[in-house]
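Counting starts at 1 for both ligands and their atoms, in listed order. Count residues from 1 along the sequence. What you see is a predicted model; the values in this text were computed from it and never measured.
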Amino acid sequence: MDRIRIRGGHPLHGAIRICGAKNAALPLMAASLLTDQTLTLTNLPHVADISTMAYLLAEVGVGIHMNGHAPGGGASGRVFELTADRVTDAMAPYDLVRKMRASVLVMGPLVARYGHARVSLPGGCAIGTRPVDLHLKALQQLGAEITLAEGYIEANAPKGLKGGNVVFPSVTVGGTENALMAATLADGETVLANAAREPEITDLAHCLVAMGAEIEGIGTGTLRVRGVKALHGAVHHVVPDRIETGTYLTAAAITGGAIELVGGRLDLIEAVVDLMTKAGVAFEPTESGFVARRADSLRGVDCMTEPFPGFPTDMQAQLMALMSIAQGASMVTETIFENRFMHVPELCRMGANINVHGASAIIRGVPRLSGAPVMATDLRASVSLVLAGLAAEGETVVNRVYHLDRGYERFEEKLSACGAEIERIRDD
Ligand code: EPZ
């Protein structure tokens, strides 16, 4: 397994191009199942999860032309042309779902378009049990018959889905995405209440409207969908990745440098900007994005992760790395996932002073971290260890960087272009 070796202590200066959002691209790719015409997605990131979703869709029978040319050119990201005009097998097998939970996002489109879907129950993952009960309940409320057998979900609606009222008991990004996609082809009107409002859902809704869906309340917690008989093809540019943006602005802050996030959008990360500003980070809009720099000494701030527009859970580990060298103490409370502090023992190996009490961690800033060999456990935990390594004295080696490759494109290249001493050690 590849490892990443960092020698810390270099303030980072330069520019980093932000890619299309992995967590928007995944449901957008699944949305191709809703029509027999071609859905062209541009600005897709080159990350492992996108390749996994492409593989799953191809297995199901979706024709995928990769790296076409974005209409009108443009240097940004991968282009996929997806055409679901000969889907043979409406199923997502265990070995793929096990590898990437987001595979469950094919369920809503499949049952809406073909009247049935057989999707492996995703297992838990490092950050929590991550059930899909809310996805299933929503599809049932749209008329799907759900049975669970041998580790698989069977969803059936032989006469098609019926519009209905879905009230999510708690906010779920994936559940909202599955239900929204299914509702576009249901007969009648659907209301999704207490829907997630993440920018990736707004991006998906805009794409669905471009495909002919009728959706109101985009960007709010209540989505109204009037089902249509069929959707058509479209061309859609994937929204920039706000978590990649937040990750690299944290790299500028933790190393005491200044980085321009090209294509980064401040409006997608307002809660992050507010908190980072309090912590001593300065932001300056530019023609093509914005510059983030450490304004003065870092100060400890308190944070509670919340559904959008609150502080994103996917930025919690990165913030914790930053707070480990801030002046004073900070408290970080994780309210979304039940086990998302696995980066804590690894950061402590680097000299951080962090104590976990249930869903909260108390971080007391230390003057310097020291490099050490550390273990990545999930996508965002692994990136927090790299951030800590960039600021630490000496050498840090992060093991199991396949976690990183799931969500960050050309990670070490982007950082070394800004002056980081970072290299990938490939295991033959
Ligand atoms: C999406 O996961 C993201 N993944 C996650 O990003 C992100 O952390 C999460 O949303 C929260 O923002 C993708 O978009 C591919 P949820 P998702 O359904 O949809 C519970 C990353 O690092 N829940 O909003 O799975 C669940 O256990 C990844 O890029 C149920 O109980 O998140 C969790 O505690 C990590 N039943 C909470 O709700 C359900 O049916 C939020 O989950 C569904 C969820």
Side-chain angles (χ1 to χ4, degrees), residues 19-31 45 47-50 52-53 56 97 99-108 119 121-141 146 148 153 155 166-181 192 194-204 221 238-239 241-247 268-269 271-272 305-318 334-340 342-343 359 376-384 403-409:
C19 303
K22 156 180 92 83
N23 290 351
L26 293 169
L28 285 165
M29 289 171 75
V47 295
D49 274 8
I50 299 304
T52 305
M53 181 60 93
L56 167 61
V97 179
K99 200 170 157 202
M100 186 185 67
R101 307 172 28 74
S103 310
V104 78
L105 293 173
V106 302
M107 183 166 52
V119 175
L121 267 168
C125 76
I127 63 177
T129 52
R130 302 191 69 188
V132 290
D133 56 315
L134 302 181
H135 298 234
L136 304 182
K137 192 156 157 274
L139 291 177
Q140 275 172 323
Q141 286 167 304
I146 303 284
L148 303 180
I153 305 161
V166 177
V167 181
F168 287 104
S170 63
V171 173
T172 160
V173 170
T176 301
E177 289 164 343
N178 247 330
L180 176 60
M181 289 190 281
L192 302 181
N194 198 26
R197 298 169 51 194
E198 271 62 12
E200 293 74 35
I201 291 174
T202 296
D203 201 44
L204 172 65
V238 179
V239 69
D241 193 319
R242 63 195 168 104
I243 305 302
E244 185 191 23
T245 305
T247 301
L268 300 179
I269 52 169
V272 175
T305 63
E306 286 170 316
F308 191 86
F311 189 91
T313 174
D314 293 349
M315 275 296 298
Q316 179 255 105
Q318 298 90 313
E334 172 57 56
T335 71
I336 307 291
F337 290 107
E338 66 266 32
N339 185 31
R340 203 168 197 177
M342 280 158 307
H343 41 287
T377 51
D378 64 86
L379 172 56
R380 308 306 176 180
S382 40
V383 92
S384 78
H403 290 292
L404 260 178
D405 296 334
R406 294 190 51 172
Y408 290 95
E409 179 185 308

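Residues Lys22 and Leu379 share a closest heavy-atom pair of CE-CD2, 3.7 Å. Listed here is the closest heavy atom pair of Ile243 and Tyr408: CG2-OH, 4.1 Å.
Within a 4.0 Å radius of atom 30 (C) of ligand 1, the protein contributes one or more non-hydrogen atoms.
Counting heavy atoms closer than 4.0 Å to ligand 1, residue His135 contributes atoms from both its backbone and its side chain. Contacts with ligand 1 closer than 4.0 Å are made by heavy atoms of both the backbone and the side chain of Val173. No part of Glu200 comes within 4.0 Å of ligand 1, judged by heavy-atom distances. The side chain of Asp314, and not its backbone, has at least one atom closer than 4.0 Å to an atom of ligand 1 (non-hydrogen atoms only; side chain from C-beta on). With a 4.0 Å heavy-atom cut-off, ligand 1 is reached by the side chain of Arg340 but not by its N, CA, C or O. At a 4.0 Å heavy-atom cut-off, ligand 1 touches Ile336 through backbone and side chain alike.
Contacts of Ser103 classified as side-chain contact (heavy atoms from CB on, under 4.5 Å), with partners at least two apart in sequence or in another chain: Leu56, Val97, Met100.
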Test His135 against Asn178 for side-chain hydrogen bond (donor to acceptor under 3.5 Å, both in side chains), laying out the working first.
-> CA-CA 7 Å; His135 298 234; Asn178 247 330; 3.0 Å; yes
Yes or no on side chain to side chain contact (heavy atoms under 4.5 Å, CB included) for Glu177 and Leu26, after CA distance, side-chain angles and deciding distance?
-> CA-CA 10 Å; Glu177 289 164 343; Leu26 293 169; over 6 Å; no
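Remark: minimum distance from atom 18 (O) of ligand 1 to any protein heavy atom is reached at Thr172 OG1, 2.7 Å.
Those atoms of ligand 1 that come under 4.0 Å of a heavy atom in Phe337, given as number and element, are 8 (O), 9 (C), 33 (C), 34 (O). Below 4.0 Å from some heavy atom of Gly174 lie the following atoms of ligand 1, by number and element: 18 (O), 19 (O).
We find that Arg340 and Asp314 are joined by a salt bridge, their nearest charged nitrogen and carboxylate oxygen being less than 4.0 Å apart.
Of the listed residues (Asn23, Asn178, Val104), the one carrying the non-hydrogen atom nearest atom 15 (C) of ligand 1 is Asn23. Of the listed residues (Ser103, Ala381, Ala317, Pro131), the one carrying the non-hydrogen atom nearest atom 44 (C) of ligand 1 is Pro131.
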